> 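Below is the structure I would like to discuss, written out as structure tokens.
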Amino acid sequence: MGVGGEKFQLGTVGALSLSVVSSVSIVICNKALMSSLGFTFATTLTSWHLLVTFCSLHVALWMKLFEHKPFDSRTVMGFGVLNGISIGLLNLSLGFNSVGFYQMTKLAIIPCTVILETLFFRKKFSRSIQLSLSVLLFGVGVATVTDLQLNAVGSILSLLAIITTCIAQIMTNTIQKKFKVSSTQLLYQSCPYQSLTLFLIGPFLDGFLTNQNVFAFDYTSQVVFFIVLSCLISVSVNFSTFLVIGKTSPVTYQVLGHLKTCLVLTFGYVLLHDPFSWRNILGILIAVVGMVLYSYFCTLETQQKNVEVSPQQVKESDSAPLISDSLSKVENGGGVVDDEPLKVPMWSSKYSRA
């Protein structure tokens, strides 16, 4: 591997590590905010996250830490609004469905992404990759899915949430490649539209789901502290989400998301003494095996492709491993080492509920 490949691999490892640490941290913070302090307004909180993220990036731009690169405004607006809608739909899905069915909704995002990329981008996923993803999904399902209570409205909302989330994550990767913008540049331009969308629908959506008014909530000093802390952590979460998807692929980002789920479950059991069973432990172990297999097969296929063609001809691989140097040829321009989530912003109920 050359010097460029080594730098890219280190950047990818850094992005993945930042994503895991920041996402687990914000889950812990939001769990305290929502479970202990009763602030259950997830969609409104997400809009504040994005607003703080935009302000932070504006300061970074003023300090010339990255270069502003405007591109197609319609694309940016559509992308930002779609991200906001996907978060709202996921929160609605949780509100209308059981926790078990909601976990199934999250699991369905990976196969849906694979299908969309296969149909519209002609990407090919080998049987080894498909097998490893199946093992991963089975393990996460065993660890997290409890009951499956179906209803018509909840099922429709879940389907819409899956489709919009998949499209938004694929767009994150595609826009960075097509317009040659960095994760920071894309996040900076799309944040206002995401934040505005959620700011407008958040109070109504949260009021509908909780029967409470976010503006009438008792904002004690402790609540304000955790809200501010959550918003600060969200800057890292949102940035790392775009960074990971830009450097790898939407499928790899979803695999990483399930790793976070397993870490949150483990953390809750070890430090918070949450209820745990041998089924949870077995599911986490199976999921970890699936993640290892996914990374191994992706890396193996990448090495085989690099042997078949010269480095100048290497294009983006069909499936990106968790740690890979294969995407260094599609590095996008920008002033930072390049990147949701989650996202797409990472914090919404879709990432906070184990």
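What you see is a predicted model; the values in this text were computed from it and never measured.
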> Given the rule that I, L, V, M, F, W and Y join up when any side-chain heavy atoms are under 4.5 Å apart, are F217 and F204 in one cluster?
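No, separate clusters.
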
> Please name all residues satisfying side chain to side chain contact (heavy atoms under 4.5 Å, CB included) with C112, sequence neighbours left out, ordered by chain then number.
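For C112, the residues satisfying side chain to side chain contact (heavy atoms under 4.5 Å, CB included) (neighbours in sequence not counted) are L116, I162, C166.
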
> Residues in ring pair (Phe, Tyr, Trp, His ring centres under 6.0 Å) with F208, at least two apart?
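Ring pair (Phe, Tyr, Trp, His ring centres under 6.0 Å) list for F208, sorted by chain: F96.
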
> Of all residues at least two apart in sequence or in a different chain, which pass the side-chain hydrogen bond (donor to acceptor under 3.5 Å, both in side chains) check with H68?
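Expected list: none.
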
> With sequence neighbours left out, write down each residue that passes side-chain hydrogen bond (donor to acceptor under 3.5 Å, both in side chains) with T44, or none if nothing qualifies.
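Testing T44 for side-chain hydrogen bond (donor to acceptor under 3.5 Å, both in side chains), a comparison that skips the adjacent residues, returns D206.
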
> Could you work out, with side chain to side chain contact (heavy atoms under 4.5 Å, CB included) as the rule, every residue matching L160, not counting sequence neighbours?
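Listed in chain order: L89, I156.
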
> Exactly one of K124, K123, R122 should register a side-chain contact (heavy atoms from CB on, under 4.5 Å) with E117. Which one does?
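In the set K124, K123, R122, the residue that makes a side-chain contact (heavy atoms from CB on, under 4.5 Å) with E117 is K123.
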
> Would you please name every residue forming a side chain to side chain contact (heavy atoms under 4.5 Å, CB included) with V76, sequence neighbours left out?
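If we apply the side chain to side chain contact (heavy atoms under 4.5 Å, CB included) test to V76, skipping adjacent residues, the hits are F71, Q189, S190, Y193.
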
> Could you tell me which residues satisfy side-chain hydrogen bond (donor to acceptor under 3.5 Å, both in side chains) with D72, sequence neighbours excluded, listed by chain and number?
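For D72 the side-chain hydrogen bond (donor to acceptor under 3.5 Å, both in side chains) partners, ignoring immediate neighbours, are T75.
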
> Which residues, ordered by chain and number, are linked to L200 in its hydrophobic cluster, where ILVMFWY side chains connect at heavy-atom gaps below 4.5 Å, directly or through other members?
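Under the 4.5 Å side-chain rule, L200 groups with L196.
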
> Tell me if a side-chain donor or acceptor on T174 pairs with a main-chain N or O of M171 at a distance below 3.5 Å.
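It does not hold such a pair.
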
> F225: which residues meet the side chain to side chain contact (heavy atoms under 4.5 Å, CB included) condition with it, sequence neighbours left out?
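Listed in chain order: L229.
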
> List the residues meeting side-chain hydrogen bond (donor to acceptor under 3.5 Å, both in side chains) with S93, not counting sequence neighbours, and say none if there are none.
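Partners of S93 under the side-chain hydrogen bond (donor to acceptor under 3.5 Å, both in side chains) test: N97, S158.
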
> Would you mind listing the cluster partners of V235? Hydrophobic ones only (ILVMFWY), side-chain contacts under 4.5 Å, chaining allowed.
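Members alongside V235: V52.
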
> Find out if a path of hydrophobic residues (ILVMFWY) with successive side-chain heavy-atom gaps under 4.5 Å connects L187 to I85.
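In one cluster with L187: I85, yes.
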
> In terms of hydrophobic clusters joined by side-chain contacts under 4.5 Å, are I163 and I109 together?
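Different clusters: I163 never reaches I109 through Ile, Leu, Val, Met, Phe, Trp or Tyr contacts under 4.5 Å.
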
> Give the ring-plane orientation class for F54 versus Y188, where under 30° counts as parallel, over 60° as perpendicular and anything between as tilted.
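F54 and Y188: parallel rings.
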
> In terms of hydrophobic clusters joined by side-chain contacts under 4.5 Å, are V114 and L107 together?
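Shared cluster, yes.
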
